[in-house]
Each structure stands twice: as structure tokens, then as C-alpha cells.
Colleague: 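Structure incoming, see below.
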2 protein chains.
Amino acid sequence: MTTPPPRSVPTMRDVAALAGVSTMTVSRVLHDDPRITEETKRRVRAAVRKLGYLRNDTARNLRIGRGAGAVGLVVNNLANPFYSQLALGVGQAAEQQGLTVMLANSAGDDEREARLISDLMSRRVVGIIISPASDEHSHLAARALHGTPVVLVARPPSGIDADCVLVDDFAGTREACKRLIERGHTKIGFIGLPSTVWTGAERLRGFRAALADAGIRSDRRYIRYQESDVAAAEKTVRSLLAVSDPPTALFAANNRNMIGALRAVSRAGNPVALAGFDDFELADMLDLPLIVVSYDPVGLGREAARLLLERVVPGDADLPPRRVTVPTTVVEYGPPTGRLHLPGVATADGGGTASRPGRQASRRRAPVR
Amino acid sequence: MTTPPPRSVPTMRDVAALAGVSTMTVSRVLHDDPRITEETKRRVRAAVRKLGYLRNDTARNLRIGRGAGAVGLVVNNLANPFYSQLALGVGQAAEQQGLTVMLANSAGDDEREARLISDLMSRRVVGIIISPASDEHSHLAARALHGTPVVLVARPPSGIDADCVLVDDFAGTREACKRLIERGHTKIGFIGLPSTVWTGAERLRGFRAALADAGIRSDRRYIRYQESDVAAAEKTVRSLLAVSDPPTALFAANNRNMIGALRAVSRAGNPVALAGFDDFELADMLDLPLIVVSYDPVGLGREAARLLLERVVPGDADLPPRRVTVPTTVVEYGPPTGRLHLPGVATADGGGTASRPGRQASRRRAPVR
DNA sequence: CTGTTAGCGCTTTCAC
DNA sequence: GTGAAAGCGCTAACAG
């Protein structure tokens, strides 16, 4: 009502002065030190309330050597729901330890990533969770980071020691491709990730394994590597479908590629069956047969944070590097009423359709996001 | 090769000692002070490199009074793509000023929000960007925040002075609903947001305006208020469609409600036309007629950051509160080939279909995300 | 029970 | 050109 708008934040000294005590007493009251008189506590608390005092955690953390009391999170592409889900999980776990999340988007650029890491280090984050843009991890070595713990997400460390949380890329892809093959496909295209990305390599390996399992020879012409970007993926898929004797089915190595493939296939009016890594919202509403490799990105984030925090919170520092792999499930979506607008081989090949038990059952799984 | 793994981050003193100078000289070299000899600079820089020294910005910021050198971003629901896009925009703008983003998810909970704000204040962020969970904004008053600037996203300040960036909720909704009416609908349901949210109120107002413009009396039974959550929205829509004489069209007040409505409508096999706020990925692939109110969430985030940074960076502190409204576009999606699997009134009502010029043209707008 | 001193890592100010 | 002293806001350690 009467107090003028404050231009600067009050400090402990202001509180101490108002309460007529020393800053140390204020500090003790804030920590609820039992040795302080109730009467003193009351006076101090009144002063705190009056001034709207809030402890300066920046100063506090400096003093107690906790750095910024934040964990750094570096993601490739925040526009990809996978990463926002991941951030959600990391945030949940960090909050429980009273840590904030400093979020940075590398946009998949190696140099940018290095700059961001260095920035986070300057800010003295207690640890870093990162989905590295490439397999060049030397800037993440304990040496480079002065022992600040790092957890890699979705890629194993290459040439360095670090914890990581992985998705079972290989098994998931293999199983999904197996299902395509069971539906009668032998000519399957693969819209992969850049070959430098481990995830991409693993998913390609799973794809090849599925083909090999079925005795199908893989065809080079059907394999494309692709930055993860919807528009680019669409273009790539269009060109892939334009080869002579084109594939009858496609496996998209991630989220973004899958959406691009969807657009390309739908636009072409081509009866191509689709499978891909990463479940996505509305997959069940697309009214076309679809196989996705699903997992829980929020859980992945929580898990990453857990690994990190185990090294930060008590003192359990030098544990050996750990590797956690989260499982995947293959989910098959299909048209609600069996009408196939983009008839996949499910109808074209006859036969196999009846013997797919999981299909209707799994059509409407609880969406992860 | 030989150096043992460092357990603690080197300080300026370590560098000074190694270079045989004072910390002051190190500091000057880092700032590239012209008065320092080239020779000294060389020695210091060598020491910096050797130790892998990185300035402690926490300490630096404390000294120079820049708080944490971070902007706080509080969102309602990071799982909603709108907010991750927003975060992307904020991050882009913040980075240009050498600031990081501290991200926090309020989950739409007022109390949580208050705690998060207080936490960010403790960490001395230079400013806060927030999409408040409700219209209770007293905890965001300049008084409560000791003058730390705040920018509200998607809601105008209520009872406080603050900058805000808004979406043109009213005009967008009105136009979208107008299109539904032009397609022959008179019984239109509204899946709104909780009435305490300004956005919700505005969109409802737009809805009512569109009805009034067309001389349609609005029917209470058709209006629902709804926390923004896909599963809950689906349930709500189901119950809405179960009333006697149910609506033939629905307007969903946001992203989440729209997805829920999609599921409910599709499951019911009901020929209900859909419109809603927020464009979303795959809207054009759903193979059903759809009207969405579209805008650019990344731009919204950039704009919010711009407003905030104008108060932070130079000293342009006490500007008057500003209000920026970003425009919306109405986009109509429809089945690529005109096959309607969930025939909306577009076919059911005959008539209006031919006179919809923008339709094919706008079907495949550049997706915002 | 409460206060004083010192110092976290840096920079500002004033000396030399 | 470089250094010494003081202090940003807080707390650990020792007094009393």
C-alpha cells in the first residue's frame, strides 16, 4: 500500500538490520536451527515476511560449493516430442533433489553443442544430461569436464567413460521389421539416420537382422540416410519410392522420418506399408496400418536423471560407468473398421491377416504422451 | 595422458599460480585488457589451456550483480507441443544475449507454480516468462518479485502490471466457428478450458460471437469446461455427444481437447465436424475435415523473450506494460481425395461444399512445427 | 543462544 | 602493466 516499489532484492543484511540481529542469526533461523530462541525466530521471520526476503541461492551455492544447483540438459531438437518428453522426465527427477534444469538446444550441431557444454560448465551445473549430436564425445570426457558427471541419452559413450541410458534400438527395430515380413513384405525400404549416430547404426543393424532372419537379401537401393527432419524425410522417401521396382514397405528410423514418410506415402497414393521407431500421438487415428516401436521417453529422462543424481547427491561419486537399456514394445495400429485407405500388404498379400492376434488388442494402447 | 583425473574445477587462482601472476592479471587477460603485455597474455593463456580453466560464471555473476544470468520459463505442460515450441523460441532469443533458460513445469497447478516462481527468484533469474496456471497473478506482481521483470504468455495480466504476449484467441475462434456455421452447422458444441483461464474465456467469447453473428442461440448443454488433458477431454466429448439432440459440430478450445475430441468422435463413428484452437502435426493427414486456428508458438516465445530482454539488457527498465497480440490464421484440412470416412456436414449438408475456395489451397500449409 | 571472522571465485577500485 | 585490498551474499568454524 505505502511501500515504494523495490528496485533491488533485499539481502540477509537487510533482514538482520530490521530484526536487530546478525546475519548469522538470520541464516540460522532460515535453517531452523533449534538453538535459536523462539522469540528471536519470530522477530526474524517477521522481518523476512515484511521485506519479502528470499535467500540468494546463487551466493549460497557458491559458498557451499554446489555450483549452480542445476543440471544441464542438452537436446538435439526440442521440436521433436521425444526430447520435450525427455525434458519432462529429467525435470521431474531433478526437482525432487531441489535442482533446476538448464535447458539447451544443440539443434544437432556439433560445434553448437560444444559451446553449450562449455557454457553449462561455466555456470557450474552439477551434472549434464545430453543426447550428443554425433559420436564425437571427446568434449564430454571426464577430463574435459573436470569430473562433472555426464549421462548420455540414446547413445553409448564412444571413447569416453560415462553413464548412458539407451533404448533397445536393435531389438525393437528387428521385431517391427519382422512383423512387416510376416505380412508378406520382402522389399522393405529403410529411412535411416545419419550413419554417425549410434542409434541410427543400431536400428539399421536391427533392420538387417530381421531381413537376414527371414533369408531376405538386403538391397542397397532401398536404404537412405537422413537428417531427422520431416520435410527432408518426405523428399527422401519420394525419391526412394521412385526407384524401379520400389519397396512395398518402409521402416522409418525415427519420429521425424516417420512423419515425413507418412506424408510422402499418402501424397503418392502408394500402397506402401509403414513401420517406424518412436510411437507418436495420433498414430492410432491415421486410419492406416502402421507398426511402431514404442517406449517411454519420460521414463528415459527420469532414468537419466537418476543415474546422474546418484553421482551428485550423496557422494557416490566414482561408481563404474553404467549402461541402462529401456525396453521397447512393438505396437500395431490399424484402421478401426478394417477399411484400408492405403491398402498395405495386409490386404494385398491375403493370408497373414487373420493370424495377427495382438492387433485389435493393441490398437489403442494408453498413449505415452 | 599423464595428468590424473581432476576432482575439482580449477579456479583463477590455480591459473594465476601456474602463470606466476596475480588473479587480477588473469581476470584482465580473460577480458582481453589491452594494458597487459602480449608476453603475459601468452603465459596466462597457456596456463588456462593447460588447466582447462573455465571461468566460474556463478561467482562472476554474483560479483557483478547479474543474478544467475538466466531467464526463468514456467510452462503449464511441457508434454503439450505448444509449450515445447514456446521454450524453443525463448531459448533462441535468450541465447543471443548469453543467457540460459531455466525451465520449470507447473503442471497447471497454482501452488506448484508459486513454489517454482519462488525457486527461480531464489536463483536470481534476470526475468521470468510464464504462462500462468490461473488468473490469480498476485504472486507475479512487481512487488512480490522485487522488480524482476515478468512476461505473461497467452494470458493478460490480471490485477498486476506486466508485459504479455497474447494470441488472438477471440478473432481466431470466431472465424473458425464462422466457418463451421457456413458449412451449415447450427448445433455446435464447445469443449472449453477451465473458466478461470483467460484464454478459455476469450475463446468462449469468440464462439458465442460467431453464433450471435449468425443469429444462432447458444445452447448451454453444448458447452463444457475441461482441464487440458487428452483422456479427460475424450470422456467429456463422449458425454457431450450423448445428450439428446446432440451437436453436429464441435469446437475444441485447444490442442489437448482437440485430440481428445478426435478420439471420441472417431470411436463413436459419429459424423461430427471438428474445429479447434492450435494447429497440430498430422492434422492434414487425418483424412477427415478439420478446421484449426493456427499461429506460431516459436515466434510467441521469441516475442516474449524480446519483451523481457528489453527490460533486462541495457537499462530500459521502467517502460510501461506492453501487450503484444500475435495473429492467427484459420486453416482448413480435408481428406486428400474427398473421401470422407467420418463424413462431416461438409457432405451431409450438401450445399456449402462448393463455395469453399481456401480449402484445397490451404490443405498443406507449411507445418509450423 | 548469538556474534565475529574468514572465505567461496570473481571483479572493482585504488595503488605502485 | 600489474598487484593488493575489499566486497558481491552467504555460511562454516570458532568464540563468548
Colleague: Which nucleotide in the list C:dT4, C:dC10, D:dA4 gets nearest to the side chain of A:Ser22?
Modeller: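 Looking only at heavy atoms from C-beta outward on A:Ser22, the closest nucleotide is C:dT4.
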Colleague: How about CZ on B:Arg322, more than 12 heavy atoms from neighbouring residues, nucleotides or ligands closer than 6.0 Å, or not?
Modeller: yes
Colleague: So does A:Arg63 reach the base of C:dG9 with its side chain, donor to acceptor, closer than 3.5 Å?
Modeller: no
Colleague: Between A:Arg55 and B:Ile36, name the one whose nearest nucleotide on DNA chain D is closer to the 5' end.
Modeller: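 First, find each residue's nearest nucleotide; the 5'-ward one identifies B:Ile36.
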Colleague: From CZ of B:Arg28 over to P of D:dG1, roughly how many Å is that when rounded to an integer?
Modeller: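 Roughly 12 Å, once rounded to whole Å.
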Colleague: Using distance alone, with no hydrogens and no angle criterion, decide if A:Ser106 and A:Asn76 have a side-chain donor and acceptor under 3.5 Å apart.
Modeller: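 A:Ser106 vs A:Asn76: donor-acceptor pair found between side chains.
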Colleague: Which nucleotide in the set D:dC8, D:dG9, D:dT11 lies at the smallest distance from any side-chain heavy atom of A:Ala59?
Modeller: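 Nearest to the side-chain atoms of A:Ala59, counting from C-beta on, is D:dG9.
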Colleague: Any idea which of C:dG3, D:dT11, D:dG9 is nearest the A:Val21 side chain?
Modeller: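 Selected nucleotide: C:dG3.
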Colleague: Scan side-chain atoms only and decide if B:Thr199 and B:Arg155 contain a donor-acceptor pair under the 3.5 Å cut-off.
Modeller: yes
Colleague: Check every atom of C:dT2, D:dA13, D:dC8 against the side chain of A:Arg13 and return the nucleotide holding the closest atom.
Modeller: D:dC8
Colleague: Within the structure shown, what part of the strands sits under 4.0 Å from B:Leu62 by heavy-atom distance: base, sugar-phosphate, or nothing?
Modeller: base
Colleague: From C-beta outward on B:Met12, which listed nucleotide comes closest to its side chain: D:dC10, C:dC1, C:dC10?
Modeller: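 So the nucleotide nearest the side chain must be C:dC10.
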Colleague: Within this structure, what is the CZ-to-C1' distance between B:Arg123 and D:dG9, rounded to whole angstrom?
Modeller: 16 Å
Colleague: Does B:Asp110 come within less than 4.0 Å of B:Arg112, counting only side-chain N to carboxylate O?
Modeller: no
Colleague: Assign B:Thr40 to base, sugar-phosphate, or nothing according to its heavy-atom contacts below 4.0 angstrom with the strands shown.
Modeller: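 Touches sugar-phosphate only.
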Colleague: To the side chain of B:Ser27, which of C:dC1, C:dT11, D:dA13 is closest?
Modeller: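 For B:Ser27, the side-chain atoms sit closest to C:dT11.
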